[in-house]
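What follows is a single structure, written as structure tokens, with notes after it.
Just so you know, ligand 1 is whichever comes first in the structure, and atom 1 is the first atom listed for that ligand.
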Amino acid sequence: MTAREQADPCTLVIFGGAGDLSRRKLIPAIYYLAEQKLLPEGFVLLAVARDPGDDASYRKLMREAMATSDEIRKVDEGVWQWLCARTHYATGEFSDEATYAAVAKRLDEIEGSTPDADKNRLFYLAIPPSVFEMTVQHLTMSGLAKRTESYEARPWSRIVIEKPFGRSLESARELNRLVLGCFGEHQVYRIDHYLAKETVQNILVFRFANTIFEPLWNNRWISHVQITAAETVGVETRGKYYEEAGIIRDMFQNHLLQLLTLSALEPPSAITADAVRDEKVKVLRAVRPLLADGEQNIVRAQYAAGTAGGKTVPAYRSESDIAAGSITPTFAAMRVFIDNWRWKGVPFFLRSGKRLAKRTSEIAVQFKAPPLFLFDQKTAEEMAPSLLVMRIQPDEGISFRLHVKTPGAVHELTPGLEFTPVDMDFSYAESFGNEAHPAYETLLLDCMIGDPTLFTRSDEVEMAWSLIDPVLQDWENNPVKEIPTYAAGSWGPSEADALIAKDSAAWR
Ligand code: NDP
Ligand code: BG6
């Protein structure tokens, strides 16, 4: 039996069980876990939401969600029946005490004959960030969730909090204070689903299981790193949320900074939750403040009308629930320096946006040009120095560009030594088939097992905010009427290319 099979019997209580996240990510993940027999026999699901309904109507919603999920190819009737029998629904408004009394009553009925030590409860807050605090308070005041002093205590209560964790440093601190006043850190699982992507976890394996790269992983051999998370989708139905969040809170404070820390961290003493998280926090501490030295390190922009998937799509400002003159950025590029021994002087470019030309997330590590050009190339650009690309999604894999002699080609000055860049390529799909686990499957299972490695710790979240917050405050204190735009379906504004080009003289 592997560690992944040892989930404790538990009741998963999803607050917001009828919302977008639940329908698109959590329900398919639960089905997958059931299909792979990774859920314990004593697993029960109680979804709680505002919509009136009962067990039968929720099971119908679940089935519909599974039918429209990209992640489920075919629903197995036996697995569905197993899951159905364990699925329940309670309705209520989260600000109302009566909801928690009703949930407690349902839990008593559902868990009725379960031995006390197995009455473990996993509370998943799949709800808007504006109701996190209220729900956490009600959960503990009502006695539904209990603080435990140690990880070993049984039965356990754990709480899963979705991103974004706070909307500023101060609010993240407040939320941490509140949550840690009610629960021990060992009970709290702060989600960043990027951490559970196979390819993100593979960054550590790639770096620390292959000795050949680590000696090169520093400012001596690497000229710059580009971390990209590009999406083709727009804001879809999440206009209200996005107007409050924007790209910086939605993608940078969490996913992009996680990719940065994993790419740059020092080797941890062990692959344990705390050892890895300690190293990630050290990277964040070494990041030079983004507004330091008066240089422009950030570009923001918003998508204008354009095309996506061959269709004309509207500008961000014309999407539903978006203010007519909104200046919420849907794209940003950042130039980040990590002022430590390993990375001093190496720019890390972080870039993310909605409605870009292609859906792709990757980390591109650009090595330096050779110290002497022996083959008559004039610039590093002509040379196109070695490039390592870790493809996070889609087409998960790793490629390494290197130079080989072009067969037969004869160069005027270096006869017979003309070269061509070629890619060595590893593809997950080709090597392992299409079996990448959806991130939420991994995360849910880890919560039931009690493994916090892929979740963010309170100090990590606060450090990430302390980098981002000054930028958001600066924007708030110096309001502008317009920000640059880019056509939907393009690669973003020209200002972002200019930001990257700024350092390129040093790479020649
Ligand atoms: P939705 O608004 O789609 O769903 C939220 C759910 O919570 C709905 O069922 C809603 O009910 C319910 N709800 C909200 N307020 C209350 C209340 N006061 N009382 C009772 N029920 C309430 O949001 P999402 O599912 O998109 O997002 C949930 C969380 O997940 C957020 O923190 C988000 O940032 C995070 N997240 C979402 C992702 C996604 O792709 N959707 C991706 C990553 C993170 P009602 O419909 O009646 O309002
Ligand atoms: C979520 C953001 O955290 O990540 C969304 O809220 C974004 O706006 C999504 O679309 C991207 O996730 P993925 O797994 O599709 O890259």
Side-chain angles (χ1 to χ4, degrees), residues 14-29 47-53 58 61 65 69-71 89-100 102-103 124-135 137-138 160-167 175 190-200 227-259 316 321 328-331 352-356 358-362 391-394 396 436-443 456:
I14 306 183
F15 283 87
D20 183 70
L21 178 77
S22 297
R23 278 181 277 116
R24 286 197 309 114
K25 302 280 186 190
L26 300 182
I27 291 170
V48 191
R50 197 153 38 189
D51 305 340
Y58 191 73
L61 175 150
S69 166
D70 296 339
E71 281 155 18
Y89 183 74
T91 184
E93 159 61 49
F94 301 154
S95 57
D96 184 355
E97 274 175 36
T99 301
Y100 301 84
V103 170
Y124 198 122
L125 306 192
I127 54 179
S130 52
V131 291
F132 282 169
E133 296 192 3
M134 171 181 88
T135 310
Q137 276 167 331
H138 275 298
V160 186
I161 303 185
E162 260 298 341
K163 66 153 274 268
F165 193 91
R167 53 173 286 107
L175 185 55
R190 297 174 195 80
I191 292 252
D192 183 321
H193 76 280
Y194 262 53
L195 288 177
K197 290 182 190 282
E198 302 264 21
T199 39
V200 172
I227 301 180
T228 305
E231 298 189 88
T232 49
V233 290
V235 286
E236 314 295 295
T237 55
R238 298 170 73 209
K240 266 193 213 135
Y241 156 77
Y242 207 84
E243 275 287 88
E244 297 233 317
I247 190 82
I248 301 285
R249 289 188 179 93
D250 191 45
M251 294 294 286
F252 280 73
Q253 187 274 338
N254 30 69
H255 308 327
L256 274 280
L257 285 184
Q258 286 295 338
L259 296 180
Y316 175 75
D321 295 325
T328 304
T330 58
F331 173 98
S352 180
K354 295 222 178 263
R355 283 275 186 247
L356 293 181
K358 195 175 154 199
R359 177 175 182 249
T360 178
S361 297
E362 64 174 38
R391 298 190 301 274
I392 306 296
Q393 65 186 21
E396 291 82 354
H437 292 274
Y440 275 93
E441 178 196 332
T442 309
L443 292 170
T456 42

Protein heavy atom at shortest distance from atom 12 (O) of ligand 2: His193 NE2, 3.1 Å

Identify, by atom number and element, the atoms of ligand 2 in contact range of Lys163, meaning under 4.0 Å from any of its heavy atoms. 1 (C), 2 (C), 3 (O), 6 (O)

Between Asp321 and Tyr242, is any side-chain donor less than 3.5 angstrom from a side-chain acceptor? no

Can you list the ligand 1 atoms lying under 4.0 Å from a non-hydrogen atom of Pro164? 34 (O)

Please determine whether the number of non-hydrogen atoms from other residues, nucleotides or ligands lying under 6.0 Å from atom CD of Glu97 exceeds 12. no

Does the pair Lys197 and Gln393 meet the rule for a side-chain contact (heavy atoms from CB on, under 4.5 Å), with working shown? CA-CA 9 Å; Lys197 290 182 190 282; Gln393 65 186 21; 2.7 Å; yes

Tell me: protein heavy atom nearest atom 23 (O) of ligand 1, and distance? Asp20 N, 4.5 Å

shortest atom 6 (C) of ligand 1-to-protein heavy-atom contact is with Gly16 CA, 3.6 Å

Rounded to the nearest 0.5 Å, the CD atom of Glu243 sits from the OH atom of Tyr316 at a distance of 3.5 Å

Against heavy atoms of Phe132, which atoms of ligand 1 measure under 4.0 Å? 32 (O)

Between Arg24 and ligand 1, which residue portion shows a heavy-atom distance shorter than 4.0 Å: side chain, backbone, both, or neither? side chain

Test side chain to side chain contact (heavy atoms under 4.5 Å, CB included), reference Tyr124, set Val48, Ile161, Leu21, output is Leu21

Of Leu26, Val233, Ile127, the one whose closest heavy atom lies nearest atom 32 (O) of ligand 1 is Ile127

Where ligand 2 meets Glu231 - atom numbers and elements under 4.0 angstrom, heavy-atom basis: 7 (C), 10 (O), 11 (C)

Is there a side-chain contact between Thr456 and Asn254, using heavy atoms and a 4.5 Å cut-off? no

Looking only at non-hydrogen atoms, find the nearest pair between Met251 and Tyr194 and report the distance. CE-OH, 3.9 Å

Closer than 4.0 Å and a protein heavy atom, does any atom meet both conditions relative to atom 28 (C) of ligand 1? yes

Heavy-atom contacts with Gly92 under 4.0 Å: which atoms of ligand 1 show up? List them by number with element. 20 (C)

Please classify the Glu93 to ligand 1 contact at 4.0 Å (heavy-atom distances, strictly less than): side chain, backbone, both or neither. both

Heavy atoms only: give me the nearest Pro28-Ser22 pair and the separation to one decimal. CD-O, 4.1 Å

Could you check if a side-chain atom of Glu396 sits within less than 4.5 angstrom of a side-chain atom of Glu198, using non-hydrogen atoms only? no

In the protein, which heavy atom is nearest to atom 8 (O) of ligand 2, and how far is it? Asp250 OD2, 2.6 Å

Show the atoms of ligand 1 that are less than 4.0 angstrom away from any heavy atom in Tyr440. 43 (C)

Using distance alone, determine whether Leu21 and ligand 1 share an N or O pair under 3.5 Å. yes

Closest to atom 4 (O) of ligand 1 among protein heavy atoms sits Gly19 CA, 3.3 Å

Is the side chain of Thr99 donor-acceptor paired with the backbone N or O of Glu93 at a distance under 3.5 Å, no angle test? yes

Nearest heavy-atom contact between Val233 and Lys354 is O-CB, 3.3 Å

Please could you name the atoms of ligand 2 that Lys354 approaches to less than 4.0 Å, counting only its heavy atoms? 5 (C), 7 (C), 8 (O), 10 (O)

All heavy atoms of Phe132 vs all of Pro164, minimum pair found to be CE1-O, 3.5 Å

Closest heavy-atom pair, Leu175 versus Gly166, reported as atoms and distance to 0.1 Å, is CD2-N, 4.0 Å

Could you establish whether Tyr242 and ligand 2 come within less than 4.0 Å of each other, counting only heavy atoms on the residue side? no

Report the C-alpha distance between Ile247 and Phe331 in whole Å, list the side-chain angles of each, state the deciding distance to 0.1 Å, and finish with yes or no for side-chain contact (heavy atoms from CB on, under 4.5 Å). CA-CA 6 Å; Ile247 190 82; Phe331 173 98; 5.7 Å; no

Measure from atom 11 (O) of ligand 1 to every heavy atom in Met134, Arg249, Arg50, His193 and give the option owning the shortest one. Arg50

Going through the distances and angles, do Phe94 and Met134 end up as a side-chain contact (heavy atoms from CB on, under 4.5 Å)? CA-CA 8 Å; Phe94 301 154; Met134 171 181 88; 3.8 Å; yes

Of all heavy-atom pairs linking His193 and Leu443, the shortest is CA-CD1, 3.6 Å

Does ligand 1 have an atom that lies less than 4.0 angstrom from a heavy atom of Ser95? no

How close does the nearest protein non-hydrogen atom get to atom 19 (N) of ligand 1, and which residue and atom is it? Phe94 N, 2.9 Å

Numbered in order shown, the ligand 1 atoms found under 4.0 Å of a heavy atom of Asp51 are 47 (O)

Taking 4.0 angstrom as the limit and counting only heavy atoms of Lys197, give me the atoms of ligand 2 inside it, by number and element. 13 (P), 14 (O), 16 (O)

Begin with the C-alpha distance, continue with both residues' side-chain angles, and end with the deciding distance and a verdict on salt bridge (Lys or Arg N to Asp or Glu O under 4.0 Å) for Lys163 and Asp250. CA-CA 8 Å; Lys163 66 153 274 268; Asp250 191 45; 3.1 Å; yes

Quick check on contacts: which atoms of ligand 2 are under 4.0 angstrom from a heavy atom of Arg238? 2 (C), 5 (C), 6 (O), 8 (O)

Got the closest protein heavy atom to atom 36 (N) of ligand 1, with its distance? Glu162 OE1, 3.8 Å

Evaluate Pro128 for polar contact with ligand 1, using N/O atom pairs at a separation under 3.5 Å. no

I want to know if ligand 2 touches Gln393 in the polar sense, i.e. an N/O pair below 3.5 angstrom. yes

Side chain or backbone of Arg359 under 4.0 Å from ligand 2, or both, or neither, by non-hydrogen atoms? side chain

So between Lys25, Glu236, Arg238, Lys163, whose heavy atom ends up nearest atom 34 (O) of ligand 1? Lys163

Would you say His255 and ligand 2 have an N/O pair spaced under 3.5 Å apart? yes

